[in-house]
Amino acid sequence: MPPITSKVPGNGTGTLSWTVPGDGLDVATVYASVDATGAGGAVTAELTITDQSGVVIARKVQGATIAAGGTGSATWGLRLDDDGTGGGGGGGITLITSTDGSITVTNPAGPTADLSTNPPPTAVEYMTCGSGLVGAGASAAVAWFHSAGAALVDYTNVNAPEVIAAGTYAWSGSMTTLENLTAGGEVRGVLAVLTGPTPASYSMATGPTIGAFAFLPLTMTVHVAANTTFTGSAFNDDTIGHFFQDAQTFALQKIH
Amino acid sequence: MAVDVAAGFPQVELQPGSVITVTLSGVGAQITALNIHGYQDDPVNATPTPISPVSGAYTTA
């Protein structure tokens with residue numbers, strides 16, 4: 001037999017019912033025309049089914065709403081996917097794990113960012129640079145190693161590691177010598193950005209010139225391109241060799 | 001602009017006397033029409049009614 005459609009006119013309220021007649025009906029779809037022009041807020045439609053004894057046997061709420069002030073419809077259909085479930089498509093994100101702090105989504109339709117190549121500001125990586133003896137009148141490039149925190153640096157070349165993502169970074173740390181300087185002696189620590197479109201920047205500390213250990217604070221703030229190489233070096237102009245030792249926590253922070 | 005929303009219909013068997021109700025949340029909204037679409041049992045596949053037996057004997061020409 002051809003399909004049939006039963007029609008129930010509106011009664012001016014937000015509730016309408018229909019009773020399965022005596023000759024039965026295998027329901028395929030239920031369609032409700034909705035007028036929300038007088039609604040005080042977004043409208044959600046809910047379907048409730050009771051059996052012939054009045055017992056509720058099913059309830060199905062629409063996953064999407066009809067905005068106040070507008071009109072629309074709500075349909076329930078056999079083999080029909082719910083709004084917002086993705087249907088047979090590719091699905092959505094099911095898990096985000098952050099090692100750098102919380103993630104807040106304020107506008108799901110806004111621009112996106114790949115956090116693997118664009119770490120968030122405030123990400124910090126702690127690193128150490130290798131210790132070693134630098135002979136009189138000589139210099140040496142130090143080796144860098146990851147210690148803790150975010151992964152901002154590629155250490156494939158330990159003497160010239162690369163900052164992975166573009167941004168503005170601040171380096172802070174220090175180097176020390178374990179022997180007193182001789183009269184007229186001088187040691188220096190240099191932290192430098194040497195590659196990329198950004199002009200080279202560095203900060204340098206000069207140790208005391210006589211009779212003391214040298215403490216060399218090294219700081220640098222510079223904007224760099226992706227894959228920019230940086231280096232650390234120890235220079236010794238003293239007449240004796242000096243053993244340079246890195247600080248325990250040399251920090252690199254992405255500040256913008 | 002009209003907004004049309006959709007969802008799956010529960011897979012249940014409805015007997016005569018079952019009731020389908022649609023309710024809107026909030027105050028001020030109303031349902032202007034409710035249409036229920038479906039199929040009644042097909043008589044072709046319905047249980048056949050027994051034929052009354054015929055008494056007497058057939059004759060051939």
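All chains are named by letter (A, B, ...) in the order of the sequence lines, taking the proteins before the strands, and each is independently numbered beginning at 1. The analysis underlying the following values was restricted to heavy atoms, covering all of them including side chains, and did not include hydrogens, waters or symmetry mates. Predicted, not measured: the structure shown is a model, and the values here were computed from it.
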With a 4.5 Å cut-off on heavy-atom pairs, point out which of [options] contacts chain B the most.
options	result
D35(A), V61(A), V55(A)	D35(A)
I49(A), I57(A), N11(A)	I49(A)
A74(A), A39(A), G14(A)	G14(A)
G12(A), G69(A), G77(A)	G77(A)
L16(A), V56(A), T44(A)	L16(A)
I4(A), I66(A), T65(A), D51(A)	I4(A)

Between T71(A) and A2(B), is there a donor-acceptor pair closer than 3.5 Å when you use the side chain of the first and the backbone of the second?
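Here the side-chain-to-backbone pair does not exist.
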
Residue pair [X] / [Y]: nearest heavy atoms and the distance that separates them:
X	Y	answer
S18(B)	Q52(A)	OG-N, 3.6 Å
A36(A)	A29(B)	CA-CB, 4.3 Å
G38(B)	L25(A)	C-CD1, 3.6 Å
P3(A)	Y39(B)	CB-CE2, 3.3 Å

Does any backbone or side-chain atom of [X] lie under 4.5 Å from a heavy atom of chain B? Answer side chain, backbone, both or neither.
X	result
A42(A)	backbone
T37(A)	neither
T13(A)	backbone

Side-chain contact, heavy-atom cut-off 4.5 Å: [X] with [Y]?
X	Y	answer
S25(B)	E46(A)	no
P10(B)	L47(A)	yes
V30(A)	F9(B)	yes
L34(B)	K7(A)	no

Spatial distance of atom OG (S73(A)) from atom CD1 (I31(B)) [nearest 0.5 Å]
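The distance works out to 11.5 Å.
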
Reported OG-to-CD distance for the pair S53(A) and Q15(B), which is rounded to 0.5 angstrom
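Rounded to the nearest 0.5 Å, the OG-CD separation comes to 11.0 Å.
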
Using a cut-off of under 4.5 Å on heavy-atom pairs, state which of T23(B), D4(B), I36(B) scores highest against chain A.
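Option with the greatest count: I36(B).
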
Out of L24(B), L14(B), V5(B), return the one with the most heavy atom pairs under 4.5 angstrom to chain A.
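Heavy-atom pair counts peak at V5(B).
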
Tell me, for V27(B) versus chain A, whether the close heavy atoms (under 4.5 Å) come from the side chain, the backbone, both or neither.
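The answer is the backbone of V27(B).
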
Is there a donor-acceptor contact under 3.5 Å linking the side chains of T21(B) and T48(A)?
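Result is no, nothing qualifies.
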
Tell me yes or no: between the side chains of H37(B) and T5(A), is some donor less than 3.5 Å from an acceptor?
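Checked: H37(B)/T5(A) side chains pair up, N/O donor to acceptor below 3.5 Å.
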
With side chain to side chain contact (heavy atoms under 4.5 Å, CB included) as the test, would you mind laying out the steps for V34(A) and T32(B) before giving the verdict?
CA-CA 6 Å; V34(A) 177; T32(B) 56; over 6 Å; no

